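Remember, predicted model here, so these are calculated numbers, not experimental data.
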Amino acid sequence: MSHRVVVASMLLALTAGACGERAVEAPAPGPGKELPVSSDLAAKSETLRAVVARGRLNCGVDQELSGFSFRDNRGVWRGFSVDLCRAVAAAAVGDGNAVNFVPVTADNRIELLRTGKIDLLTRSTSWTYSRDAGEGVDFAGIAYYDGQGFLARKSLNLQSALELNGARVCVQSGSTSQNNLADYFRANGLNYTAVPAASNEKAREIYQTEGCDVLSADISALASARSVASNPGQHVILPDVISKEPLALAVRQNDPAWKDLVHWTLNALILAEELGVSSKNVGELAEDSPVPEVRRLLGVDAGYGAKIGLDDAFAFRAIQAVGNYGEVFRRNVGVESPLRLERGLNALWNAPQPGLLYAQPFR
């Protein structure tokens, strides 16, 4: 039996499966459709009900950050953060293109999430104590391990950020970068003049026109800024990393079922890379793999999707839509992209050069 038939049968009539949960028919995505509920937990997810009813995920992304979220020449949204939105949409409503991308800023992102204007925030947002404990949001998993650094013109001949005493530093206002900057200069007894900007794009523009000496942001954002500069080879990212920035997917705090759905969709992409499942072989492995965890992940062994309110093919759809984590990274910010970022901390835990990426067991 082909995997298409398997998936179709899951969607039409999932029978009683593992853990004694009863799955019900999952309707095709689209406005006005009923929520494909398969457990009491999922029935409590106001966000999932709203997403399925409108047939589209409202996803908050950076306004213009090369490699992470940007419109191409045809106006199509692309990037690492964009693909994470598509993965969740594929899992939740069956269509990776069923996404309304909402450009957000550092200042309004949390408010838009809290008030329901967006269902998911994939824009570069650090998981911090203050946000998690005090701003009415929850984090559903770390998507990218980063750290703050400095971009400088090669002509300044800087070897370290410790040489920046008296420098003018462009930084995005309302971001953790602004606070980290103050902490770093204070801790090292250095003076500086902050040049705040309303967005990453604006900070980059000020830096490019020499309105400041260096640009400070997450290193991924600095690589993005350098890649779109008119003269990328004349800029260097200094070796100093002054903070830990776990960039995470954020959801509203009052919807634990939706948090689980988002978390396990991200986890599925990470686990798929670890298990050798990709967008190219996902169909083949769903039909033929004897590996128990692969079979559970791809919905061949029934009963797992019901735990987060979906049919068993949710992870299959996410992987098919965007690929595994390694594919998403490589295509958008890695060796196949203008940014050419190394995996570093974002490598799998068992890679030849191990990173921090670790998927929880799918069982």
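Across every non-hydrogen atom of C59 and T122, the tightest pair is SG-CG2, 3.7 Å. When every heavy atom of A315 is checked against every heavy atom of A268, the shortest pair comes out as CB-CB, 3.8 Å. A pairwise comparison of heavy atoms in L162 and Y184 identifies CD2-OH, 3.3 Å as the closest pair. Listed here is the closest heavy atom pair of A87 and A318: O-CB, 3.6 Å. Heavy-atom minimum distance, N267 versus A359: OD1-CA, 3.4 Å. Scanning both residues, N200 and Q172, for their nearest heavy atoms gives OD1-OE1, 3.2 Å.
A donor-acceptor pair under 3.5 Å links the side-chain atoms of N165 to the main chain of N191, judged by distance alone. No donor-acceptor distance shorter than 3.5 angstrom exists from the side chain of Q148 to the backbone of S243, with no hydrogens or angles considered. In this structure, the side chain of D213 engages the main chain of R168 through a donor-acceptor pair within 3.5 Å. A donor-acceptor pair under 3.5 Å is formed between the side chain of D72 and the backbone N or O of R74. At distances below 3.5 Å, not a single donor-acceptor pair connects side-chain atoms of R252 with backbone N or O atoms of D255. When atom types are taken as modelled, the side chain of R296 and the backbone of D301 share no donor-acceptor pair closer than 3.5 angstrom. A donor-acceptor pair under 3.5 Å is absent between the side-chain atoms of S126 and the main chain of T128, judged by distance alone. Remark: the backbone N or O of N332 is not paired with any side-chain donor or acceptor of E336 at under 3.5 angstrom. Formation of a donor-acceptor pair under 3.5 Å by the N324 side chain with backbone atoms of E327 is found in this model. Looking only at distances, a side-chain donor or acceptor of Y325 sits under 3.5 Å from a matching main-chain atom of A143.
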Please report the C-alpha distance between R109 and T125 in whole Å, then the side-chain angles of each, then the deciding distance to 0.1 Å, and finally whether the side chain to side chain donor-acceptor pair (under 3.5 Å) criterion is met.
CA-CA 9 Å; R109 56 187 163 177; T125 301; 3.2 Å; yes
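Grouped with Y358 in one hydrophobic cluster are W349, the linkage being side-chain heavy-atom contacts under 4.5 Å among Ile, Leu, Val, Met, Phe, Trp and Tyr residues. Hydrophobic cluster membership for I206: V195 (Ile, Leu, Val, Met, Phe, Trp, Tyr linked by side-chain heavy atoms under 4.5 Å, directly or transitively). Under a 4.5 Å side-chain heavy-atom criterion applied to ILVMFWY residues, the cluster that includes V99 comprises V61, W77, V82, F101 as well.
A donor-acceptor contact closer than 3.5 angstrom is absent between the side chains of T47 and D119. With no hydrogens or angles considered, no side-chain donor-acceptor pair links S177 and N180 at under 3.5 Å. Checked by atom type, the side-chain pair S337/R331 shows no donor-acceptor distance below 3.5 Å. Checked by atom type, the side-chain pair Q63/S199 shows no donor-acceptor distance below 3.5 Å.
One hydrophobic cluster holds both V137 and L112 under the rule that ILVMFWY side chains link at heavy-atom gaps under 4.5 Å. Hydrophobic cluster membership differs between I142 and I219, with clusters built from Ile, Leu, Val, Met, Phe, Trp and Tyr side chains linked at under 4.5 angstrom. In terms of hydrophobic clustering, with Ile, Leu, Val, Met, Phe, Trp and Tyr side chains grouped at heavy-atom distances under 4.5 Å, L356 and L84 are assigned to a common cluster. Grouping the Ile, Leu, Val, Met, Phe, Trp and Tyr side chains by contacts below 4.5 angstrom, directly or via other members, places V236 apart from V241. If you chain together hydrophobic residues whose side chains sit under 4.5 Å apart, Y207 and V169 never meet in one group.
Judged as a salt bridge (charged side-chain N to carboxylate O under 4.0 Å, His left out), and not counting sequence neighbours, R71 has no contacts. Partners of F314 according to the ring pair (Phe, Tyr, Trp, His ring centres under 6.0 Å) rule, which considers only residues two or more places apart in sequence or in another chain, do not exist here. Listed by chain and residue number, nothing satisfies the ring pair (Phe, Tyr, Trp, His ring centres under 6.0 Å) test with H263 (two or more places apart in sequence, or in another chain). Partners of D240 by salt bridge (charged side-chain N to carboxylate O under 4.0 Å, His left out), not counting sequence neighbours: none found. Under the salt bridge (charged side-chain N to carboxylate O under 4.0 Å, His left out) criterion, R56 pairs with no residue at all, not counting sequence neighbours.
Legend: disulfide bond (SG atoms under 2.5 Å apart) pairs involving residues 254-329, not counting sequence neighbours: none detected. The stretch residues 110-132 participates, sequence neighbours left out, in these ring pair (Phe, Tyr, Trp, His ring centres under 6.0 Å) pairs: W127-F139. A disulfide bond (SG atoms under 2.5 Å apart) check over residues 291-363, counting only residues at least two apart or in different chains, returns nothing. Residues in residues 313-363 take part in no disulfide bond (SG atoms under 2.5 Å apart) pair, two or more places apart or across chains.
A distance of 6.0 Å separates CG of D218 from OG1 of T176, quoted to the nearest 0.5 Å.
A salt bridge links E111 to R114: at least one charged side-chain nitrogen sits closer than 4.0 Å to a carboxylate oxygen.
Taking 4.5 Å as the limit, some side-chain heavy atom of L271 sits within range of a side-chain heavy atom of E293.
Taking the six-membered ring where tryptophan is involved, the planes of F362 and Y304 are tilted, since the angle between them lies from 30° to 60°.
Remark: R123 is not positioned above the aromatic ring of F68, lacking an NZ or CZ atom under 6.0 angstrom from the ring centre and at most 45 degrees off the axis.
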